[in-house]
Amino acid sequence: MALTLSAIASSNLFRRKLPIVGAFCVLTFGLSNLSVPFTNTGFAHSLPFAPLFRSKLVGERRSTSVSRIRMEASNKIVPTIVVYVTVPNKELGKKLAGSIVKEKLAACVNRVPGVESVYEWQGEVQTDSEELLIIKTRESLLEALTEHVKANHEYDVPEVIAMPIVGGSSQYLEWLKNSTRDE
């Protein structure tokens, strides 16, 4: 049974604004701006309007490498990372943070006290109070930073976890570049 446009327009469904607004947002902003898991399965590519968004959906997979290449080519911005390191106490946190900045392995280290870590070590679940170091540095310095942490840390296996910085204040990123050594 086919519905006419006037029948749809006069129905209660049409009067509800939220579904229409939601559909408008999807059509206007595209599926690539939504955080939905089906974009990796190909389902979104089979939708009738997907060709409108296909370049954005495919482009998302390459965006990290493209932005990294663009950042490397720029004189102002270099690939940067945030590194997390936990330490057992305030004294080691202060000492390690100071030596990292002094050696120009990072531009800045934030010390966050009062972190409680729950982890498995040697077959047993452990709970320890620690301090978290949030380290901002160049991606190219990760290996040297990791070696510095290992050499100056009490733990047998210190945590060193790096995540890319994909954007931010260009002035801050320029300062980060100028405050760290080249390699």
Listed pairs under 3.5 Å, donor-acceptor, residues 100-107 side chains, sequence neighbours left out:
none

Could you pull out every donor-acceptor pair under 3.5 Å between side chains of residues 115-124 and any protein atom, sequence neighbours left out?
from, atom 1, to, atom 2, distance (Å)
Ser117, OG, Glu130, OE1, 2.4
Tyr119, OH, Asp128, OD2, 2.3

Would you give me the side-chain donor-acceptor pairs under 3.5 Å for residues 86-98, sequence neighbours excluded?
from, atom 1, to, atom 2, distance (Å)
Thr86, OG1, Glu159, OE1, 3.0
Asn89, OD1, Glu91, N, 3.3
Asn89, OD1, Leu92, N, 2.8

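Side-chain N or O atoms of Ser179 include none that pairs as donor or acceptor with a backbone N or O of Leu176 at under 3.5 Å.
Note that OG of Ser170 is 12.0 Å distant from NZ of Lys177, once rounded to the nearest 0.5 Å.
Side-chain contact between Tyr172 and Cys108 is present, with heavy atoms from C-beta onward closer than 4.5 Å. For the pair Glu131 and Val112, the minimum side-chain heavy-atom distance is 4.5 Å or more. Counting heavy atoms from C-beta on, the side chains of Met163 and Val83 never come closer than 4.5 Å. Side-chain atoms of Pro79 and Arg138, non-hydrogen and from C-beta on, never get closer than 4.5 Å to each other.
Leu173 is connected to Ile134 through a chain of hydrophobic side-chain contacts under 4.5 Å among Ile, Leu, Val, Met, Phe, Trp and Tyr, so both are in one cluster.
Nearest heavy-atom pair, Ala162 versus Ile81, reported as atom, atom and distance to 0.1 Å: CB-CD1, 4.0 Å. Considering all non-hydrogen atoms of both residues, Thr137 and Leu141 come closest at OG1-CD1, 3.5 Å.
Enclosure of atom CD in Gln126 by more than 12 non-hydrogen atoms of other residues, nucleotides or ligands within 6.0 angstrom is indicated.
Among Val85, Val160, Val149, Asn110, the one residue that satisfies the side-chain contact (heavy atoms from CB on, under 4.5 Å) test with Leu133 is Val85.
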